[in-house]
Structure formats: structure tokens, C-alpha cells
There are 2 protein chains.
Amino acid sequence: MVGKKAFTSKQKQLARLAKAMGHPVRIAIIEMLLSQSCCYHGDMSLEIPVAKSTLSQHLHELKDAGIIQGTITPPTVKYCINKENWSMAGKMFEKFFQNDKNHG
Amino acid sequence: MVGKKAFTSKQKQLARLAKAMGHPVRIAIIEMLLSQSCCYHGDMSLEIPVAKSTLSQHLHELKDAGIIQGTITPPTVKYCINKENWSMAGKMFEKFFQNDKNHG
DNA sequence: TTAGTTGTTCGTATATTTGCGAACAATAAA
DNA sequence: TTTATTGTTCGCAAATATACGAACAACTAA
């Protein structure tokens, strides 16, 4: 039990982002938001094969991970990608896949 | 219940890869393998703060997802990144983050 | 106020994940 | 054969994740 290191915050953050993307429903949500700039729960509900309550849960998880944002525009809720965080996430994954430790 | 589309195999594959990366232990494993070319269970066990049986489970998951490979070299087992699959995964994530539908 | 629309939260059930130690398997060494 | 080393699998417990419909909240329109 000596010498074992705790996880770094980068490792934890990357894992958190990956986990948030680790479900087909959430991949589909992100793709819709990326391709249409913004979308409404109802729109997504027509395309994605889960109950609206389940969709809401997945949206909540993506929001929690910082990947998307929601804005209330009664009676609907408009979701969009959190562009700043999405860009950061993209860079993290890029570095990870390149294992590029010298340009960070 | 009309008009809902099943998930594409790309969506499912990306979600599967993301899910496999969605845990700090598995991120740490991949980082070790990327930086040292190859590693042994025992080496990783000294660095990563989980029981050896738990580590074995995580290695199994990464193998299942196609990210790593294991070769028995008695009495140890040598793990390495499945470079071909890793490269493909990198490209999938790259496209996803760029939402680049015109160059695939 | 009463309906209607949209989306979230609640309550519940089931499935999966994570984790550990014990037991096991495979091999090498004595 | 016995012992030691390495790593996996088993058995179990606890925590999370997934999913659904019902109920609810917030707002708009009649």
C-alpha cells in the first residue's frame, strides 16, 4: 500500500467527460446540438427513442458534466453546446490520443 | 412512437469507447501504456490505488472495448495499446469534436 | 379560472458497475 | 512434490446508472 498515487485532476476530468459521452443517447444529443446549433427537448424527443423523462435525465447529466447548457424560453427549454467547455474537452481528448505531453 | 431512429453503429461505437475511458483507473492504465509502450499488471498495480482483482477487471474492460491487448509471458501478462484500434478511436473522437461530416 | 403545452422531478424497478478478499490456475523454482 | 509468483475468476456487497410512467411546475391561451 505504499507508492500508490491518487488520480490527478486531469485524469478525473477526462474520465468524467468520457463517462458523460458513454451512452448512445448522449452521443445522439450532442450530435444534434452540434449540427443544429440549438435544439429543444421536444425536437430531440421526436428523434431519440427514449421516454421524455429519460431524455431529461440524460440532458441533466450532460449539463452536469458541463457539456451543454439549457435556457428556459417558455414554454420550451433551449439546449446548446457549452462551446467553451466543448473546446476544452476536445483539446483534452486530442492530447490524450496523441499522448502529447510537451505542448500543453 | 413514430419517427424515432435507432442509434447508428457509429454512435454506439463511440459511446462504447467513451464508456471504456469513463473511469480514472482506466484513464491511468491507458496513460501508462501509452507512455511506456508496454506494461505489466504488477507494475500498474504498484501505481494505481485499487486491489489487483479490481485492476484486472478494468484491464478486462479495456480489452473488451478493443483498446488494449494482453500477451501472456509467464509468469506475467504484458499489456499494450491496440495501436490500430487506438488510432481509429482517436479519429472518431476527432471527428466528433470537430463535427466534421465532410471529410470522413 | 380552466385547459393545454412543455419539460422536470418523483417514485420505483431493474441492470450494470465498482470494489474487495478468497480461491483458483498457470508457470517456474527449489 | 512443494513453494513461490503472477494474474484471473468467483462470490458477494454496495453504489450508480438506466428507464418508465405518474405527478408536478411553469407558463400561455381561452
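Lettering of chains follows the sequences in order, A, B, ..., and the numbering in each one begins at 1. For the numbers below, each heavy atom of this structure counts, side chains included, while hydrogens, waters and symmetry mates do not.
- Under 3.5 Å, the side chains of A:Ser53 and A:Ser56 contain no donor-acceptor pair of N or O atoms.
- No continuous path of hydrophobic side-chain contacts links A:Ile30 to A:Tyr40 [ILVMFWY only; heavy atoms under 4.5 Å].
- Put simply, CG on B:Leu55 is 12 Å from C1' on D:dT6, counting in whole angstrom units.
- If you check distances only, the side chain of B:Ser56 never reaches the base of D:dG7 with a donor-acceptor pair under 3.5 Å.
- Rounded to a whole Å, the NE2 atom of B:His41 is 6 Å from the C1' atom of D:dG7.
- Remark: A:His58 NE2 to A:Ile68 CD1 distance equals 11.5 Å, nearest 0.5 Å.
- Using a 4.0 Å cut-off on heavy atoms, the residues of residues 11-30 of chain B that approach DNA chain C are B:Lys19, B:His23, B:Arg26, listed by number.
- One atom, CD of A:Gln57, and another, C1' of C:dA13, lie 13 Å apart when rounded to the nearest Å.
- The two residues B:Ala65 and B:Leu17 come nearest to each other via the heavy atoms O-CD2, 4.1 Å.
- Residue B:Tyr79 places none of its side-chain N or O atoms closer than 4.0 Å to OP1 or OP2 of D:dT6.
- Hydrophobic clustering places A:Ile72 together with A:Ile81 (ILVMFWY residues linked when any side-chain heavy atoms are closer than 4.5 Å, directly or through intermediates).
- Taking a 4.0 Å limit (strictly below) on heavy-atom distances, residues 58-71 of chain B reaches DNA chain C at B:His58, B:Glu61.
- For A:Val77, the listed nucleotide lying nearest its side chain is C:dG7; candidates were C:dT27, C:dG21, C:dG7.
- The nearest whole Å value for the distance from the CD1 atom in B:Ile72 to the P atom in C:dA28 is 12 Å.
- A heavy-atom distance below 4.5 Å is found between the side chains of B:Phe96 and A:Met21.
- Across the protein-nucleic acid pair, A:Lys52 atom NZ and C:dT9 atom P stand 13 Å apart, rounded to whole Å.
- When the nucleotides C:dG19, C:dT8, D:dA19 are ranked by their closest atom to the side chain of A:Thr54, D:dA19 comes out on top.
- One finds the CD1 atom of B:Ile67 at 10.0 Å from the CD atom of B:Glu61 (value rounded to the nearest 0.5 Å).
- Both B:Leu62 and B:Met32 are assigned to one and the same hydrophobic cluster, defined by single-linkage of ILVMFWY side chains at heavy-atom distances under 4.5 Å.
- Where A:Ser53 and B:Pro75 meet DNA chain C, the nucleotide closest to each residue was compared, and A:Ser53 sits on the side nearer the 5' end.
- Looking at every heavy atom in both residues, A:Asn85 comes nearest to A:Gly66 through ND2-O, 3.0 Å.
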